[in-house]
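As the structure is a prediction and not an experimental result, all values here were calculated from the model.
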Amino acid sequence: MAASGEAGFKSDPVKRFDDLEKSGRLAGLHGVVALRGGRIVFERYIDGNDMTWGQSLGNVRFGPDTLHDIRSVTKSIVGLLYGIALEEGRVPALDEPIVAQFPEYADLAGDPQRKRRTIRHTLTMTLAMEWNENVPYTDAANSEIAMEQAPDRYRFILDRPILAEPGRGWIYSGGAVALLGKIIEQGTGQSLPAFASEKLFSPLGIDTIEWMRGQDGRASAASGLRLAPRSLARIGQMILDGGRSGRRSVVPKSWLDQSFQPAAMVDIGWPGMHYGYLWYVGEEAITDRTGTYGERFIAALGNGGQRLFVFPGLDFVLAIATGNYDSPDQWRAPAALLYEVFLPSLTVS
C-alpha cells in the first residue's frame with residue numbers, strides 16, 4: 001500500500017482503522033475497499049460469520065475474491081441496467097405506464113389510477129402504493145417477503161392498494177425493482193443475470209458473481225446479488241469515469257446524470273438524503289483551507305451494512321461489506337468507516 005501522501009490521504013487511515021477495530025466498533029465488518037484516482041488506496045478483510053439470504057455460511061475467510069451478499073445495493077445496479085437497456089431501445093420510455101407493461105393482468109391494466117403510475121415513478125419509488133419493509137425480513141408482514149411467497153409476484157406488486165397520487169412521497173419498495181427487472185428481461189430476451197454479465201459486469205472485468213433466486217426461480221432484482229467488494233468498487237469507479245471503462249462506454253453518461261438528480265426526499269435517518277433512479281444522493285460537510293462546504297455524494301445501501309459511496313468531487317470510492325443483517329445497529333460500522341477513517345483522512349485540493 002502506498003504511503004498516506006501518495007495515496008491522497010493527509011493522515012494515515014490505517015491507524016484510524018486499527019484503532020476503531022480494537023475498540024470493537026467495526027464488529028461484523030468483512031471487507032472494505034477504497035479507491036482514489038482509480039487505484040486501490042486501502043483494502044482490508046476480516047474473517048467472520050456470514051449468511052446468504054438468511055442461510056448461515058459459518059465462519060468465512062474473506063479475501064479479494066470472496067463473494068458477499070450486497071442485498072439492496074442490487075437495486076441500484078438494476079437502475080444502471082435499465083439505463084443500458086433504454087439506450088439500446090429495448091425497454092419502454094420512462095413516462096410509459098408501468099401497468100401497461102404487464103397486459104396479462106387486464107383487470108389491473110384497465111384501472112385509470114394505476115395507469116397514472118409510470119416507469120419513472122417506479123425508478124424513484126414514488127408509486128404511492130402500499131408497501132412495507134419496515135419490519136424484519138424474517139417476518140411475513142414484510143412486503144418483500146410476502147412478494148417472494150406470493151403465487152405471482154408481479155400481480156402481488158401491481159395490485160397493492162393505492163395511497164395517493166403518484167410522485168407524492170417516497171415509499172421504499174423492493175417490489176418496484178422487481179417490476180423493472182421483469183421489464184428488462186422482457187425487452188432484452190435475456191435473464192437479468194445474463195444481461196448484467198454481458199452489458200455491465202464483463203466490460204468492467206467482473207467475472208464472478210452470484211444472483212440469488214426466489215421461490216419462483218427468478219433472480220431477485222431487489223436484493224439477490226453477491227459480489228466481492230472489489231467488484232463493487234469497480235462499479236463505483238465506472239460511475240466516477242462518467243460511465244466508461246477505459247475507452248468503452250458501459251452506462252450512458254446521460255443516464256447517470258439523470259439517475260443522480262434528486263427526485264424525492266427520503267426518511268432513512270440520514271438528514272438531507274434524496275433519491276434518484278434507485279440511487280441515494282446527498283451531501284457531506286467537508287472542511288478545506290477555505291472553510292466548510294457541502295460535498296455531493298452518490299450511494300447504494302443494503303441490509304446488513306452493505307455500502308457503495310461515490311464522491312465525484314473527491315475522486316473517491318468506498319465499498320463496504322458487513323454481516324450485520326437485520327440488526328438495528330447495522331449502520332454503525334459503515335458510518336464509523338466513512339466519518340472517522342476516510343473522510344477526515346482525505347486530502348482536499
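Between Y280 and Y275, the ring planes lie perpendicular to each other; the angle is over 60°, past the 30° to 60° tilted range.
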**Item:** Y277 vs W255, side-chain contact (heavy atoms from CB on, under 4.5 Å): CA-CA, chis, key distance, verdict
**Value:** CA-CA 9 Å; Y277 293 168; W255 179 256; 3.7 Å; yes

**Request:** Test side-chain contact (heavy atoms from CB on, under 4.5 Å) on T66 and V60 and set out the steps.
**Result:** CA-CA 9 Å; T66 308; V60 176; 4.0 Å; yes

**Asked** Would D18 and R44 satisfy side-chain contact (heavy atoms from CB on, under 4.5 Å), going step by step from the backbone distance to the final call?
**Response** CA-CA 10 Å; D18 290 343; R44 188 71 65 89; 3.0 Å; yes

**Message:** Run L343 and F311 through side-chain contact (heavy atoms from CB on, under 4.5 Å) and show every step you take.
**Reply:** CA-CA 10 Å; L343 289 185; F311 285 82; 4.0 Å; yes

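Atom CD1 of residue I320 and atom CG of residue L337 lie 4.5 Å apart, to the nearest 0.5 angstrom. For the atom pair D111 CG and R116 CZ, the distance stands at 8.5 Å (nearest 0.5 Å). Considering CG of L67 and CD1 of I70, their distance stands at 10.0 Å, rounded to 0.5 Å. Note: H121 NE2 to M129 CE = 12.0 Å, rounded to the nearest 0.5 Å. Of the inter-residue distances, the one linking N142 atom CG with Q149 atom CD reads 10.0 Å to the nearest 0.5 angstrom. From L80, atom CG reaches atom CD1 of I235 across 7.0 Å, with rounding to the nearest 0.5 Å.
For the salt bridge (Lys or Arg N to Asp or Glu O under 4.0 Å) test, no residue two or more places apart in sequence or in another chain qualifies with R307. Taking D152 as the reference, nothing meets the salt bridge (Lys or Arg N to Asp or Glu O under 4.0 Å) condition, with sequence neighbours excluded. For L108, the side chain to side chain contact (heavy atoms under 4.5 Å, CB included) partners are V99, Y105, R114, R155, L158, D159, not counting sequence neighbours. Residues passing the side chain to side chain contact (heavy atoms under 4.5 Å, CB included) test with P203, sequence neighbours excluded: R248, V250. Every residue meeting the side-chain hydrogen bond (donor to acceptor under 3.5 Å, both in side chains) condition with R90, not counting sequence neighbours, appears here in chain and number order: E88. Legend: residues meeting side chain to side chain contact (heavy atoms under 4.5 Å, CB included) with A27, ordered by chain and number and at least two apart, are absent. Residues satisfying the ring pair (Phe, Tyr, Trp, His ring centres under 6.0 Å) criterion with Y172, sequence neighbours excluded, are W170. Contacts of D315 classified as salt bridge (Lys or Arg N to Asp or Glu O under 4.0 Å), with partners at least two apart in sequence or in another chain: none. Residues satisfying the side chain to side chain contact (heavy atoms under 4.5 Å, CB included) test with N324, not counting sequence neighbours, are T322, S327, Q330. In this view, D326 satisfies the salt bridge (Lys or Arg N to Asp or Glu O under 4.0 Å) rule with no residue, not counting sequence neighbours.
Side chain of S220 to backbone of S223: a donor-acceptor contact under 3.5 angstrom is found. For the pair R230 (side chain) and P64 (backbone), a donor-acceptor distance under 3.5 Å is absent. The backbone N or O of F195 lies less than 3.5 Å from no partner atom in the side chain of E198, so there is not a single donor-acceptor pair. When atom types are taken as modelled, the side chain of T122 and the backbone of T118 share a donor-acceptor pair closer than 3.5 angstrom.
Under the 4.5 Å side-chain criterion, counting only non-hydrogen atoms from C-beta, N59 is not in contact with R61. A heavy-atom distance below 4.5 Å is not found between the side chains of L301 and R71. Between L179 and Y154, the closest side-chain pair of non-hydrogen atoms falls below 4.5 Å. A 4.5 Å side-chain heavy-atom check between L35 and L240 finds every atom pair outside the cut-off. Under the 4.5 Å side-chain criterion, counting only non-hydrogen atoms from C-beta, Y82 is in contact with L94. When side chains are defined from C-beta on, Q237 does not count as touching L204, because their heavy atoms never get closer than 4.5 Å. Considering only heavy atoms from C-beta on, L180 stays 4.5 Å or farther from L81 through its side chain. Using a 4.5 Å heavy-atom threshold, the side chains of E87 and V251 count as separate.
A side-chain donor-acceptor contact under 3.5 Å links T52 and D69. Residues R36 and T347 bring a donor and an acceptor atom of their side chains to less than 3.5 Å of each other.
Across all non-hydrogen atoms, the minimal contact from I209 to S197 is CD1-OG, 4.0 Å. Counting all heavy atoms, side chain and backbone alike, F156 lies closest to A146 at CZ-CB, 3.6 Å. Of all the heavy atoms in E144 and E133, the pair that sits closest is OE1-OE1, 3.3 Å. Contact detail for I184 and V91: the closest heavy-atom pair is CA-CG1, 3.9 Å. Looking at every heavy atom in both residues, A219 comes nearest to W211 through CB-CD1, 3.6 Å. P312 and F297 get closest at one heavy-atom pair: CD-CA, 4.4 Å.
Counted within 6.0 Å of CD on E104, heavy atoms from surrounding residues, nucleotides or ligands total more than 12; the atom is thus considered enclosed. Within 6.0 Å of CG in D95 there are more than 12 heavy atoms belonging to other residues, nucleotides or ligands.
Taken together through direct or relayed side-chain contacts under 4.5 Å among Ile, Leu, Val, Met, Phe, Trp and Tyr, I171 and V135 form parts of separate hydrophobic clusters. The cluster map of Ile, Leu, Val, Met, Phe, Trp and Tyr, joined by side-chain heavy atoms under 4.5 Å apart, puts I268 and W331 in different clusters. Cluster annotation: V310 and M273 are assigned to the same hydrophobic cluster (Ile/Leu/Val/Met/Phe/Trp/Tyr, side-chain heavy-atom contacts under 4.5 Å, transitive). Using a 4.5 Å cut-off between side-chain heavy atoms of Ile, Leu, Val, Met, Phe, Trp and Tyr, with links allowed through other members, Y339 and I286 fall into the same hydrophobic cluster. Hydrophobic clustering keeps W53 apart from V73 (ILVMFWY residues linked when any side-chain heavy atoms are closer than 4.5 Å, directly or through intermediates).
K253 has a carboxylate O that lies under 4.0 Å from a charged side-chain N of D257, or vice versa, which qualifies the two as a salt bridge. One finds a salt bridge joining D19 and K15 here, because a Lys/Arg side-chain nitrogen approaches an Asp/Glu carboxylate oxygen to under 4.0 Å.
Cluster partners of Y325, by chain and number: M51. The rule joins Ile, Leu, Val, Met, Phe, Trp and Tyr whenever side-chain heavy atoms lie under 4.5 Å apart.
Listed by first and then second residue, the side-chain hydrogen bond (donor to acceptor under 3.5 Å, both in side chains) pairs involving residues 173-188 are E185-R218 (not counting sequence neighbours).
Annotation: F9 is not in aromatic contact with F42 [ring centroid separation under 6.0 Å not met].
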